[in-house]
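We count ligands from 1, going down the list as the structure has it; atoms in each ligand are counted the same way.
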Amino acid sequence: MDTQKLLFTVLCFFLLFLLSGEQVVQARLAHHHHHRLFDFRPSKLFVFGDSYADTGNNKKSEANSWKYPYGITFPGKPAGRYSDGRVLTDFLAKFIGLKSPIPYRLREDGVNDLKYGMNFAFGGTGVFKTLVSYPNMTTQIDFFQELIKTNALNTTDVESSVALVTLSGNDYSAYEVRNGTTQGFPSFITSVVKQLKVNLKRIHGLGVKKIAVTALQPLGCLPRSTIKSSFQQCNGTENSLVSFHNLLLQQAVAKLNNDTKVSTFVILNLYDSFMFVLKNKGDQTGSTKFENPLKPCCGGISSEYYCGSVDVNGTKKYTVCDDPESAFFWDSVHPTQEGWSAVYSALQTTLEQL
Ligand SMILES: *[C@@H]1O[C@H](CO)[C@@H](O)[C@H](O)[C@H]1NC(C)=O
Ligand SMILES: *[C@@H]1O[C@H](CO)[C@@H](O)[C@H](O)[C@H]1NC(C)=O
Ligand SMILES: *[C@@H]1O[C@H](CO)[C@@H](O)[C@H](O)[C@H]1NC(C)=O
Ligand SMILES: *[C@@H]1O[C@H](CO)[C@@H](O)[C@H](O)[C@H]1NC(C)=O
Ligand SMILES: *[C@@H]1O[C@H](CO)[C@@H](O)[C@H](O)[C@H]1NC(C)=O
Ligand SMILES: *[C@@H]1O[C@H](CO)[C@@H](O)[C@H](O)[C@H]1NC(C)=O
């Protein structure tokens with residue numbers, strides 16, 4: 001693939017959008033003092049997206065997240081989270097002052113199912129068809145809508161809720177696998193962000209007043225990319241594409257907020273927060289330290305195996321570090337609980353400034 005040509009295309013897109021990007025920043029600054037993230041007390045959290053937010057929706061028989069050593073830090077055994085412990089959803093719930101909502105697939109149609117909201121996020125999914133057959137974001141929102149239609153949720157419930165939407169790149173992985181190259185990426189990125197915008201608008205249309213959406217994390221810094229350099233260097237080409245996605249997202253969100261007249265939509269900038277933590281090798285307080293933040297705690301013993309892989313005899317084909325707290329990444333794409341904690345603490349500064 002012609003990397004230079006790709007970069008050039010991306011840069012052209014950047015130049016094209018630079019002016020409007022600047023207006024976006026100014027508009028955000030102008031509104032700075034009028035909005036807080038939550039100007040009401042949220043009573044529920046509804047979550048849509050992928051493995052960065054999933055807390056147990058994927059099938060036990062299929063997903064890594066239900067296999068040892070996932071979940072060893074929290075809750076102490078595999079329980080459907082793609083980490084050794086807590087993930088973004090859990091930290092955001094804590095920020096709002098709620099318990100982490102129950103995963104949709106684990107609901108029991110009891111009165112307490114919806115007490116703290118509900119988590120509709122399925123690991124491996126995106127806005128379009130990805131490499132897994134789990135419900136895409138559109139279908140996840142359908143599940144939410146169905147709960148409103150059947151009066152399991154009333155207007156008050158929905159209007160006093162917050163939504164978290166994660167999109168961590170499964171659409172892009174699927175595109176790359178299906179197409180074999182990253183050519184045509186800029187226009188695909190445009191269609192992904194367009195669909196994401198449709199989804200965000202729909203969640204708002206159903207009555208949710210505050211919606212936090214993640215910017216794409218630096219994909220080029222994930223262990224699956226940095227393994228080529230023995231976890232020493234991020235892939236700049238991939239990160240440029242990520243920046244393009246994030247620029248489009250910022251513009252889409254600015255437009256949505258202008259349309260709703262209030263800041264309904266808030267971007268959780270996972271790009272900046274991941275980068276901050278990776279550069280500082282820890283959180284800003286210095287209490288968390290990651291020796292080599294690019295190196296994952298858990299991984300397959302060779303490229304055909306993953307964290308959690310076992311052979312037919314049950315012999316493990318992966319290694320786990322002694323201390324997950326000293327690693328930023330848990331596996332080839334997901335942060336550890338300590339990693340998420342550091343990201344959350346970097347995000348909180350941003351949140352409190354809003
Ligand atoms: C999401 O999945 C449903 C069910 O498979 C499908 O009908 C729909 O077209 C998908 N949505 C998008 C935007 O790809
Ligand atoms: C909505 O449902 C909640 C329970 O989730 C209940 O406490 C509240 O009274 C209901 N509000 C209305 C207007 O029906
Ligand atoms: C693959 O890339 C080509 C070239 O940009 C594009 O025309 C085509 O639509 C892509 N195919 C898929 C399946 O996305
Ligand atoms: C960076 O990523 C691109 C796109 O996935 C890939 O083609 C390229 O080989 C990678 N570069 C390095 C140095 O790994
Ligand atoms: C913002 O909304 C106003 C109408 O309320 C419209 O005139 C203006 O063009 C919009 N600006 C952008 C950047 O969408
Ligand atoms: C599994 O165990 C059997 C019996 O001990 C052995 O013959 C076989 O080679 C083992 N398979 C693998 C993949 O290690």
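- Of all the atoms in ligand 6, the ones that sit under 4.0 Å from a non-hydrogen atom of D311 are 12 (C), 13 (C), 14 (O).
- Here F48 pairs with F120, F144 under the ring-ring contact (aromatic ring centres under 6.0 Å, His included) rule; sequence neighbours left out.
- Every atom of ligand 4 with a heavy atom of E176 under 4.0 Å away is listed here by number and element: 5 (O).
- Here I301 is tied into one hydrophobic group with Y305, each link being a pair of ILVMFWY side chains closer than 4.5 Å.
- Around ligand 5, the residues contributing at least one heavy atom under 4.0 Å from the ligand are K255, N258, K261.
- Contact detail for S65 and Y70: the closest heavy-atom pair is O-CB, 3.7 Å.
- A parallel orientation is assigned to the rings of F143 and Y104, their planes being inclined by less than 30° (bins at 30° and 60°).
- Note on K94 versus D90: no salt bridge recorded, every NZ/NE/NH1/NH2 to OD/OE distance being 4.0 Å or above.
- The shell of residues lying under 4.0 angstrom from ligand 4, judged by heavy atoms, excludes Q233.
- The six-membered or imidazole ring of F185 lies near that of Y172, with a centre-to-centre distance under 6.0 Å.
- Listed by atom number, the atoms of ligand 4 under 4.0 Å from N235 heavy atoms are 1 (C), 2 (O), 3 (C), 8 (C), 10 (C), 11 (N), 12 (C), 14 (O).
- Residues forming a side-chain contact (heavy atoms from CB on, under 4.5 Å) with N151 (at least two apart in sequence, or on another chain): none.
- Applying the 6.0 Å contact sphere to NZ of K281 captures no more than 12 heavy atoms from other residues, nucleotides or ligands.
- Each of the atoms 14 (O) of ligand 4 lies under 4.0 Å from some heavy atom of K228.
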